[in-house]
Amino acid sequence: MGCTAHSPLYITHLHTDARKTWLDDMEDIKPPRSLLGLPEFSWPGACLPCYDKLAVDENPWVLRMTGAHDSSALSRTPEPSPPATSQAPAEIEGQVEDSSLEQVQTMVVGEVLKDIDTACKLLNIAPDPLDWSCVHVQKWLLWTEHLYRLPHVSTMFRELTGKDLCSMTEADFKQHSSQHGDMLYAHLDIWRSTAAMKERCPTGDSKSADDDSWSDVMSNYPSQPIHLWQFLRDLLLKPHNYSRCIRWLNKEKGIFKIEDSAHVARLWGIRKNRPAMNYDKLSRSIRQYYKKGIIRKPDVSRRLVYQFVNPV
DNA sequence: AATCAGGACTACC
DNA sequence: GGTAGTCCTGATT
């Protein structure tokens, strides 16, 4: 909790029936649908600073993560309440207890950390953008492109290290990509903020939310090669992030379906630095697992459906 | 047309 | 030697 007490997250205003609105608005967040390149991130009200203007009207739950490079952001900074609208009567705001806010903050911070953990693991990059090489920057950009369904933007940031990227202003980003520069800048801002926050709370308060601890990620980096089956399993274990491209049909039996074969193949290609990866090749690798008893076709064979022989 | 099965070869650790 | 990437033929959905 000590960490979240200093969290750079804070709520700008609340909705009457927060839980309902939360769910109702899930489909309306665009672009993008999540904080961290995770398209189905389940915190629709958690918006990147630059998206406030896009989302605040539709999403009364607005959590703002300010830049951690701005040291003032690291103390809880209550923002002046926005003009009360029909969606957010002032009386409701007064009813929300601090503990609820703290709970929400803790949950959001936990989700952010978990999602960065996952992305780092799947991408094989460090959590702190300052540590990124040009290759890491490109991987992060490619990943973000694919998960946000953005047009090609990575080519506009060639030859840039993480340090270069972090020294760029929002205007610089827009100069590189007039259409999506602000999104990328905001997305990067989340990563930087999280890395800075982590530095302030290195003991692991914030990792209490999950087993995938930050130290795991750190010790994973630079990590050893990952097996395809591990990669697929990692995607499957983050259903709220990746269920659009791969999901369990029967988790107990380890049966899963690849919903978007091209997308999964592309993600695998990014992870392995194989730009020419496609589903034809990925599926060949999966079939190599048949003999090894790692993955098989289910008893009733279906297209794009496979089964882990030893379910998790 | 996309997916599936598996042989053959290659590259890399 | 193990794992995966690549290319391939032919079958199946």
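Reminder, nothing fancy here: chain letters follow the sequence lines and each chain counts from 1. Values in this document were obtained by computation on a predicted structure and should not be read as measured data.
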Does A:Y290 have a side-chain nitrogen or oxygen under 4.0 Å from the phosphate oxygens OP1 or OP2 of B:dA5?
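The answer is yes; a side-chain N or O of A:Y290 sits under 4.0 Å from OP1 or OP2.
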Is there a side-chain contact between A:S261 and the phosphate of B:dT3, meaning an N or O under 4.0 Å from OP1 or OP2?
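So the side chain of A:S261 is within the cut-off, an N or O lying under 4.0 Å from OP1 or OP2 of B:dT3.
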To which residues is A:L249 joined in a hydrophobic cluster, defined by side-chain heavy-atom contacts under 4.5 Å among Ile, Leu, Val, Met, Phe, Trp and Tyr, whether direct or through other members?
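A:L249 shares its hydrophobic cluster with A:I255, A:V305.
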How long is the line joining CG of A:N278 and C1' of B:dC4, in whole Å?
14 Å
How many Å lie between CD on A:E259 and C1' on B:dT3, as a whole number?
15 Å
Would you tabulate the pairs of protein nitrogen or oxygen atoms and nucleotide nitrogen or oxygen atoms of nucleotides 9-13 of chain C closer than 3.5 angstrom?
unit_1 : atom_1 : unit_2 : atom_2 : d
C:dT13 : O2     : A:R303 : NH2    : 2.9

Please write out each protein N/O paired with an N/O of nucleotides 1-5 of chain C under 3.5 Å, distance rounded to 0.1 Å.
unit_1 : atom_1 : unit_2 : atom_2 : d
C:dT3  : O3'    : A:H227 : ND1    : 3.2
C:dA4  : OP1    : A:H227 : ND1    : 2.9
C:dA4  : OP1    : A:L228 : N      : 3.2
C:dA4  : OP1    : A:Y289 : OH     : 2.9
C:dA4  : OP2    : A:Y289 : OH     : 3.1
C:dA4  : O3'    : A:K272 : NZ     : 3.4
C:dG5  : OP1    : A:W268 : NE1    : 3.3
C:dG5  : OP1    : A:K272 : NZ     : 3.2
C:dG5  : OP2    : A:W268 : NE1    : 3.3
C:dG5  : OP2    : A:S285 : OG     : 3.1
C:dG5  : O3'    : A:R274 : NH1    : 3.4

For A:H180, check ring pair (Phe, Tyr, Trp, His ring centres under 6.0 Å) against everything at least two apart and list the hits.
none
Please, which pairs that meet side chain to side chain donor-acceptor pair (under 3.5 Å) have at least one residue in residues 226-236 of chain A, sequence neighbours excluded?
none
Output every pair passing side chain to side chain donor-acceptor pair (under 3.5 Å) with a member in residues 299-312 of chain A, not counting sequence neighbours, ordered by first then second residue.
A:Y279-A:Y306, A:R296-A:D299, A:R296-A:Q307
If the plane angle is over 60° it's perpendicular, under 30° parallel, otherwise tilted; pick one for A:W132 and A:W191.
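Answer is perpendicular, since the angle exceeds 60°.
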What residue pairs, at least two apart or across chains, pass salt bridge (Lys or Arg N to Asp or Glu O under 4.0 Å) with a residue in residues 251-270 of chain A?
A:R247-A:E259
Sequence-distant partners of A:T155, side chain to side chain contact (heavy atoms under 4.5 Å, CB included), two or more places apart:
A:H152, A:R158
With sequence neighbours left out, what residues match A:S178 under side chain to side chain contact (heavy atoms under 4.5 Å, CB included)?
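Expected list: none.
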